[in-house]
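Input: a single structure, listed below in structure tokens.
So that the names make sense, note that chain A is the first sequence line, chain B the second, and so on, each numbered from 1. Since we're looking at a predicted model, the values are computed, not measured.
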Amino acid sequence: MSNPEGSLSEGTVYGSRIGMTEDTFALLERNRVSAEPWDLEETKPNVEALERGVPGLYLSCFDMLLTEDATWLVEVSEASPTLAMSPGLQRQEEERSLEQVQSMVVGEVLKDIETACKLLNITPDPIEWNTGNVQKWLLWTEHLYRLPHAGKAFQDLTGKDLCAMSEEEFRQRSPQCGDTLHAHLDIWKSAAWMKERCSVGDTKTTGAEDLWSEADSSCSGQPIHLWQFLRELLLKPHNYGRCIRWLNKEKGIFKIEDSAHVARLWGLRKNRPAMNYDKLSRSIRQYYKKGIIRKPDVSQRLVYQFVHPV
DNA sequence: TAAAAGGAAACCG
DNA sequence: CGGTTTCCTTTTA
């Protein structure tokens with residue numbers, strides 16, 4: 001936010017580039033506020049902050065007008081009183097605020113998609129999904145927004161098939177939530193398209209590009225290890241703080257607050273639907289002799305310690 | 001009663 | 001082969 005002008009213009013570009021209509025934003029906002037399943041918090045970070053941020057953002061713009069530009073305003077108003085805070089200027093400011101909000105929303109959407117990709121181990125671009133990826137995405141989207149299970153209706157479809165389908169075709173396969181699923185897929189498609197445009201386009205670094213490069217760096221490489229996965233969760237307390245958190249970050253001591261939940265996430269990531277805490281904890285115990293994770297000096301239930309803290 | 005601890009064997013990229 | 005995953009028995013808080 002150090003450069004409001006920059007993010008304002010970027011927001012404009014993104015908004016139009018990815019073709020997000022006001023309806024799209026309305027849908028996003030509605031879903032963000034209404035749904036709250038068990039894992040809403042993990043995948044919908046900063047919802048409250050965002051919503052609180054909106055009036056705050058407006059106020060800070062207003063403050064700038066009143067402070068930094070006050071002398072300018074006075075000078076202008078003396079020279080030409082009609083120009084000071086003319087309706088046109090006001091509308092411009094309002095539009096800028098709106099654009100800023102929109103760019104924030106886009107940023108949040110990208111973050112959510114990044115989170116989902118890491119969790120499901122799928123690519124952000126739906127075009128690349130195989131049938132398994134599609135099912136994962138469906139499962140994910142369904143319980144994120146409390147939709148009835150419709151995976152069966154989309155069985156054996158690849159991401160490419162899915163992307164080629166119209167909203168009507170979605171509704172045919174799932175009368176209850178086809179339209180919602182179509183809308184969400186649309187968001188993913190838009191984001192993927194935007195990502196492509198950003199990476200080949202201008203070299204100017206933007207907030208959104210940072211988000212994607214962050215996603216790329218962690219998505220690449222070998223199959224993830226359990227200890228890495230746990231670190232990832234711990235790195236995002238805003239998303240996962242309810243199920244796993246640091247007790248002492250410096251010493252690497254953490255506590256699993258919701259064992260079943262963490263196990264479910266691990267199972268999702270590794271494609272092991274039968275994963276549970278019994279098995280996950282067995283895997284953690286394998287780390288004892290390897291010197292990766294140990295029990296803290298004062299052993300407590302569900303509390304472990306990284307042998308080599310960051 | 002859930003969690004902790006490990007042995008043993010299967011699984012899989 | 002390594003890194004789990006699965007299953008199991010016994011012990012502990």
If you restrict it to nitrogen or oxygen atoms, what contacts under 3.5 Å exist between nucleotides 5-7 of chain B and the protein, and what is each distance?
| residue | atom | partner | partner atom | Å |
| --- | --- | --- | --- | --- |
| B:dA5 | OP2 | A:Y288 | OH | 2.8 |
| B:dA5 | N7 | A:R285 | NH1 | 2.9 |
| B:dA5 | N7 | A:R285 | NH2 | 3.4 |
| B:dG6 | N7 | A:R282 | NE | 3.2 |
| B:dG6 | N7 | A:R285 | NH1 | 2.7 |
| B:dG6 | O6 | A:R285 | NH1 | 3.3 |
| B:dG7 | N7 | A:R282 | NH2 | 3.0 |
| B:dG7 | O6 | A:R282 | NE | 2.7 |

>> Between A:E232 and A:K236, does any NZ, NE, NH1 or NH2 come within less than 4.0 Å of an OD or OE carboxylate oxygen?
In response: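 Salt bridge: no.
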
>> With a 4.0 Å cut-off on N to O distance, would you call A:E168 and A:R171 a salt bridge?
In response: yes

> Would A:D161 and A:T158 count as having a side-chain donor-acceptor pair, cut-off 3.5 Å?
Replying inline: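 A:T158 and A:D161 do have a side-chain donor-acceptor pair below 3.5 Å.
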
>> Under 4.0 Å, heavy atoms only, any strand: does A:L226 hit a base, just the sugar-phosphate, or nothing?
In response: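 If one applies the 4.0 Å heavy-atom cut-off, A:L226 turns out to touch the sugar-phosphate alone, with no base involved.
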
>> Does the plane of the ring in A:F306 sit parallel, tilted or perpendicular to the ring in A:F254? Use 30° and 60° as the thresholds.
In response: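 A:F306 and A:F254: tilted rings.
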
> Got a sec, which residues hit side-chain hydrogen bond (donor to acceptor under 3.5 Å, both in side chains) with A:S174, two or more places apart in sequence or on another chain?
Replying inline: none

> Looking at residues at least two apart in the chain, or sitting in another chain, which of them share a side-chain hydrogen bond (donor to acceptor under 3.5 Å, both in side chains) with A:D297?
Replying inline: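 A:D297 satisfies side-chain hydrogen bond (donor to acceptor under 3.5 Å, both in side chains) with A:R294 once adjacent residues are dropped.
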
>> Whether the side chain of A:Q228 engages the backbone of A:H225 through a donor-acceptor N/O pair (distance < 3.5 Å, no angle test) should be reported.
In response: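 Yes; at least one donor-acceptor contact below 3.5 Å.
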
> For the side chain of A:Q135 and the backbone of A:G132, is there at least one donor-acceptor N/O pair under 3.5 Å apart?
Replying inline: no

> Between C:dT5, B:dA3, C:dG3, which one does the side chain of A:M275 approach most closely?
Replying inline: C:dT5

> With respect to the phosphate group of C:dG3, does any side-chain polar atom (N or O) of A:Y287 fall under 4.0 Å of OP1 or OP2?
Replying inline: no

>> Please determine whether a side-chain nitrogen or oxygen atom of A:W266 lies at a distance below 4.0 Å from atom OP1 or OP2 of C:dT4.
In response: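 It does not, given that no N or O in the side chain of A:W266 lies less than 4.0 Å from OP1 or OP2 of C:dT4.
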
Polar atoms only, N or O, under 3.5 Å: list the protein pairs with nucleotides 9-13 of chain B and their distances.
none

>> Per the side chain to side chain donor-acceptor pair (under 3.5 Å) rule, what does the pair list look like for residues 246-257 of chain A, sequence neighbours excluded?
In response: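 Matches after skipping sequence neighbours: A:R245-A:E257.
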
>> Please say yes or no: joined through hydrophobic side-chain contacts below 4.5 Å, possibly via intermediate residues, are A:V303 and A:L226 part of one cluster?
In response: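 No, A:V303 does not connect to A:L226 through the hydrophobic network.
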
> How sharply is the helix from B:dT1-C:dA13 to B:dG13-C:dC1 bent, taking the axes over five pairs at either end and rounding to 10 degrees?
Replying inline: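 One end axis against the other gives 30°.
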
> Just how far, in rounded Å, is C1' of C:dC7 from OH of A:Y277?
Replying inline: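 It works out to 17 Å between those atoms.
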
